[in-house]
Amino acid sequence: MTATPTVELPEPLRLLAPDGTLAEGHVPALADEALLDAWRAMLRSRVCDERCFSLQRQGRLGTFSPVNGEEAAVVGSAWALEPGRDWIVPQYRELPAMLRFGYRLAQAMQYYTGKPAGSRMDAEANVLPFQISLAAQIPHAVGLAWGLRIQGLDAVVMTYFGDGASSEGDAHEALNLAGVRRAPVVFVLKNNGWAISTPVRKQTAAPSFAARAAGYGIAGELVDGNDLFAMHDACARAVARARAGEGPTLIEARTYRMGPHNTSDDPTRYVDPVELDEHRAFDPVERVRRHLTARGLVDETSEEALVAQLRAEVDAAFAEAQDSAPPGVEGIFDHVYARAPTRLDAQRAAAERRAAGQRDAATAREHR
Amino acid sequence: MTATPTVELPEPLRLLAPDGTLAEGHVPALADEALLDAWRAMLRSRVCDERCFSLQRQGRLGTFSPVNGEEAAVVGSAWALEPGRDWIVPQYRELPAMLRFGYRLAQAMQYYTGKPAGSRMDAEANVLPFQISLAAQIPHAVGLAWGLRIQGLDAVVMTYFGDGASSEGDAHEALNLAGVRRAPVVFVLKNNGWAISTPVRKQTAAPSFAARAAGYGIAGELVDGNDLFAMHDACARAVARARAGEGPTLIEARTYRMGPHNTSDDPTRYVDPVELDEHRAFDPVERVRRHLTARGLVDETSEEALVAQLRAEVDAAFAEAQDSAPPGVEGIFDHVYARAPTRLDAQRAAAERRAAGQRDAATAREHR
Amino acid sequence: MAEMTMIEAIRSTLGAALEADERVIVLGQDVGVNGGVFRATEGLQERFGAERVVDMPLAEAVIVGSAVGLACSGMIPIPELQFLGFGSQAFHQIEGQVARYAYRSQGSYPMPMVIRAPWGGNVRTPELHSDAHEAKYANAPGLKVVMPATARDAKGMLAEAIRDPDPVLFCEPLRGYRLIKDDVPEEDYTVPLGKARVVREGSDLVIVAYSAAVVIAERAADRAAEEGYSVGVLDLRSLVPLDVEALREAVAACGRAVVLHEGSLTAGFGGELVATIQEEAFWSLQAPIGRVAAPDAPYPRVTIEELYVPSVQRVLDAVRAAMEA
Amino acid sequence: MAEMTMIEAIRSTLGAALEADERVIVLGQDVGVNGGVFRATEGLQERFGAERVVDMPLAEAVIVGSAVGLACSGMIPIPELQFLGFGSQAFHQIEGQVARYAYRSQGSYPMPMVIRAPWGGNVRTPELHSDAHEAKYANAPGLKVVMPATARDAKGMLAEAIRDPDPVLFCEPLRGYRLIKDDVPEEDYTVPLGKARVVREGSDLVIVAYSAAVVIAERAADRAAEEGYSVGVLDLRSLVPLDVEALREAVAACGRAVVLHEGSLTAGFGGELVATIQEEAFWSLQAPIGRVAAPDAPYPRVTIEELYVPSVQRVLDAVRAAMEA
Ligand SMILES: Cc1ncc(C[n+]2csc(CCOP(=O)(O)OP(=O)(O)O)c2C)c(N)n1
Ligand SMILES: Cc1ncc(C[n+]2csc(CCOP(=O)(O)OP(=O)(O)O)c2C)c(N)n1
Ligand SMILES: [Mg+2]
Ligand SMILES: [Mg+2]
């Protein structure tokens, strides 16, 4: 009758060993062109991280949060969905997933360079914008999934959040509502060990976040988040359940943040270098590389060519973002309301006069 | 590796059968004078519910939420604590627990008649006031337990909330923090089947709230909330763990709200009378009565005398509350700040002038 | 025309909106089977089913937050806060998400949402249920804040708010639910947001108010009339958009004003009104603009709430003070 | 005296408070090992241990909510919100619990708490990090709201806020953390809450400001001086308590005022200031009081934030408008 304080938990699902060998008898659903596409997305992410970091150091980019170390968690999950049909609701560290669903790299670069257009979504994109307010997107994901289902679409929504964000009330309220409404959502909780400087053991006493699923009457699974195949496999099953009307799943992707929290962070203040080194052995990109190399699908030469191409892609995107001038006064006022109060229009007119170098005749006028 | 959607859950802990017989071999820790004291508290609660309802119907009392049906859940848990040492952090439906820890019935009557003094606690009372904001008290309970421990006291804090309140973000954040800090808290989640008109199946898809404990790395237990002995037993174990520094426990007390949500509610709109009738068979007061009668500890005559005495107690408390005049202007201003802004003092002075029938010379003056 | 209470007016608009547009969905605590704790949604679940009038778990942040997602999917959600005071639990979703999602997404995801919320004092509710929080929401750019004072406006403004592509916080005065009763056209109509209503003209002074306080303003104007003062009453109807024009005209015409609201004084919406009036009509002002508001104290328990909520007498005192200044 | 940045001043007060009183406990996200994302608590965990400078889970409501419980137990908690914008996640705990717990319990449970929160624009932060929410908190009776503009005040007012038996929201301007640097006494001292600071006198007009905007006000006053206007600057220091006396005196002396704040205009704290000034000094006023504030739009992305945050030029324009009115 007494539930013991800590439930004995299974090891995370792992299908691809760190040395690149597949689990006995496992035939990955992620194969052929999709697999290579996923591989490219992982490499693109690395290339983008590197490039953005150096641009930020040169003062040409704003705050940036790298994906570094979490490529398999993000790509494996997102590749279990169907572009054009399903949706991505991100936090801020899941660019590869967003790119697959219609967000463009040049938009990301606009976002990172602080331009409002970086969060404008193309009509055909099935992505919500980056979310700065931690966990606030999780209720949105549930509502989105619910609304799409009401409209007869059998879309699945995948939303991401971190071990830190999992502590917010919004995470709880959303997981619970998803259970009640059997909303077609896959919750990907990327446990990367850190919330800025806060290690996961200070975040929760739970031995696993996946264990929370039972408290909402939903499916839960603990997965090696650095294993592309395991992530894809678990998420594909979750997507199938969601699609079939069997409700949501909480996936805990055990991964590790290999770099700083973001460009303002100095992890040497709090990350034990020995621990960091240990985690390097589980690098998700390296693992897939080993696997693909062993299967003869990639080699050093082809990867070099690919990386060069990805660099060019990233550079082109950055250049495109650079070329788009930041907005003027309209960037402050457009879209705040669809039908703006007259007072806001007056404020806008005043701001336009100022921008045109005209002095305000009477400040009061702008408050109309 | 996959956690199945719904964890198979044990039946609630039950030690006292509805017919009043004890589980084979169980020797209740709640015995002798403490048991009779608990019984009196349960009866007092019933008497108080009845009295308050009729006073409210006469327009002599404000909004009132009866304990009706949850007496064992409240009394069994609170009697597992030690008065003078431990603390109660209530929602609003746990008067018997508060009374054991220094809150007085006359204060409760002041509260129900809308007098501010109803939430002033005596110096020796170890109780926080009634909390209207659902779940907001749960973080308080954790902080209180934490703070008492910092100060070297080995007090245990017991906090109560409902199945409805359990959906609030505050509940999650507090349970999680309690796990991290191993705070000496016993969380008593009274699942009475309803949040006003919302049945628990619309509140959550979880088969049990106790299952949430695993997601916080804390102990959890599902208990028959209409069983005084089971509640006491589970809570006594939880208190012992907390006292020993082994951290918090989440107790789900499965009970049933036998009456309306409060004096403004009309449950005939939404409660199936058949369901309600079924639950009557599990009445917690009747169950203890049967047990005590079988053991020869109470009989009809002694109960009649007791009820008469309790009625007198409640009436005296109500009379005392009636006698205490509501405050005047000071009731608005006292205690808002310990060091009030001068502007508030000016507002107070103006209010006093008004109360004295004087017209305000200049309204502006009160905003100083 | 039919005489209707405010609650009936609101119910009828909700029914009409659910009827007219499949995308409309009503969600909240106890809005379904129970028809809302004040019966604003009574009968709607029976008419439109449990998928369109939805009883939600007890969690304000996800009631509002899931409405954001519903709107992203193309729905028109009408979440209900059981009381405005519990909007604080959803404050981050309202000010941080609902209010700025259209701006954040540069128009990709508009938020055609109406958050309904009852509030207001002198109805003997428990703590936190009467709290006036409108000034906090009026300071959340991207949101509109509507505060009707009549059944007629409640019906027409709620209809307009539902059609409006921007998110609206629609605050309903508890005191008015059953007490406010007026002639309401039976047909469908809308009342624009941001157009104040001249309740009565007055040549000496104008009292500016909104929601249930408009009745207090009218009574004070009556009493002032007995003393020979011609006092007008302006019902703002919405705080955002604010009818700056109407404020200017009303004060320019008479040169004196008293602003009135139920919430506490400091940083209450009265400050905004005074500031706007003096920006717009400074040279017409013949006396300081009076503010009548609750004191800077929490809403008290019911035995003393009448000492807290601004009374007719207090407004009258302010009128006299302005007239005699 | 030593020249100190604002962040150093704050750190020194926190250290002194932890040193002086065992009941003081600092809690928040990343305040421990990392010393806070802005290093406000750097070195404190090393000095006072992880039980007194506590890294908390990422959950604002329980950071503040557990501080309520800590206070009930007799502690003096100093919770940190990593950014004021994320105070919205804890809004129900701050306005509904912290602010009114002493009142609710009729003095049984005072809340001697200081909630520290950085905020403010033009520092190239991501969305929501710069938001000015002070008006919303100033409208939460029971709470005090402190907004220092100098390192000296930051040190002395934080010390006072910690000693003050009432709960205080202590807002720290991000822009000032390292840029604001002034002479700070090395010894322990306090600066009272509710006493404004006359930054400079002026016979033509006074600019009323607080926090990082005081520097903007000073620069505008300099520029106005070049045009021959004698412009004073009043630093409010705290919004609650509000130094009504100082406002009256400042405006009575010169007859003209401009109020300035970083947050958006409508229902911003400027409204309160204008209303108070005209209540107190109506007959001295020679021109409408100007308000300079951000527009009624969300805080924008970094490339255009300078178009949003009130500039020296805008304040100067408002000064001229008032002088020429
Ligand atoms: C509601 C809220 N609180 C605080 C912050 C400041 N903050 C930004 S990122 C971060 C840590 C996030 O950790 P986690 O959720 O684990 O995500 P990760 O960065 O590891 O991907 C914090 C505290 C925020 N953005 N939102
Ligand atoms: C934060 C908040 N939201 C809404 C309410 C309105 N309300 C009062 S009681 C109640 C239902 C509570 O249900 P539950 O938590 O199960 O407790 P019970 O009344 O069954 O004991 C609601 C919705 C409130 N008081 N606080
Ligand atoms: Mg993390
Ligand atoms: Mg319940």
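What you see below is based on every heavy atom in this structure, not just the backbone, and it leaves out hydrogens, waters and symmetry mates. This one's a predicted model, so the numbers in the text were calculated from it and none came from an experiment. Naming convention: chains lettered A, B, ... in sequence-line order (proteins, then strands); numbering from 1 in each chain.
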Heavy-atom proximity to chain C below 4.5 Å, by part of B/T113: backbone
Heavy-atom proximity to chain B below 4.5 Å, by part of C/V37: side chain
Nearest non-hydrogen partners of C/D296 and B/L344, listed with the distance: O-CD1, 3.3 Å
Heavy-atom pairs under 4.5 Å with chain C, option from B/T198, B/I332, B/V336, B/D163 with the top count: B/I332
Part of B/Y111 within contact of chain C (heavy atom distance under 4.5 Å): both
Contact class of C/Q82 relative to chain B, heavy atoms under 4.5 angstrom: side chain
Reported CD-to-CG distance for the pair B/E330 and C/L307, which is rounded to 0.5 angstrom: 9.0 Å
Atom group of B/Y270 that falls short of 4.5 Å from chain C, counting heavy atoms: both
Donor + acceptor pair across side chains of C/D55, B/S197 (<3.5 Å): no
Within 6.0 Å of CD in C/Q286, more than 12 heavy atoms from elsewhere: yes
Student check: side-chain heavy atoms of C/V33 and B/R269 closer than 4.5 Å: no
Contacting moiety of C/P295, where chain B heavy atoms sit under 4.5 Å: both
Under 4.5 Å from any heavy atom of chain B - which part of C/S311: neither
Under 4.5 Å from a heavy atom of chain C, the part of B/A165 involved: backbone
When C/L316, C/D30, C/V302 are compared by non-hydrogen pairs under 4.5 Å with chain B, the top option: C/D30
Note, B/R354 side chain near C/R314 side chain (heavy atom, < 4.5 Å): yes
Heavy atoms from other residues, nucleotides or ligands near CD of B/E275 exceed 12 (cutoff 6.0 Å): yes
Minimum-distance pair of heavy atoms, taken over all atoms of B/G164 and C/L58: O-CB, 3.3 Å
Residue part contacting chain B, namely of C/Y308, when any heavy atom lies under 4.5 Å: both
C/L128 versus chain B, the contacting section by heavy-atom distance below 4.5 Å: side chain
Distance-minimising heavy-atom pair for C/R301 and B/K115: NH1-O, 3.9 Å
Between B/G328, B/P267, B/S264, B/S167, the one whose heavy-atom pairs under 4.5 Å with chain C are most numerous: B/S167
Chi angles and distances behind the side chain to side chain contact (heavy atoms under 4.5 Å, CB included) call for C/Q29, B/I196: CA-CA 9 Å; C/Q29 293 157 16; B/I196 309 186; over 6 Å; no
Chain B contact via C/A297 - which portion, at a heavy-atom distance below 4.5 Å: both
From B/D170 atom CG to C/Q89 atom CD, the distance as rounded to the nearest 0.5 Å: 6.5 Å
Nearest atoms (heavy-atom pairs only) where B/P116 meets C/T303: CD-OG1, 4.0 Å
Interchain contact, C/E127 with chain B, by part (heavy-atom threshold 4.5 Å): both
Chain B contact via C/E60 - side chain, backbone, both or neither, heavy atoms under 4.5 Å: both
Residue pair B/Q203 / C/P57: nearest heavy atoms and the distance that separates them: OE1-CA, 3.2 Å
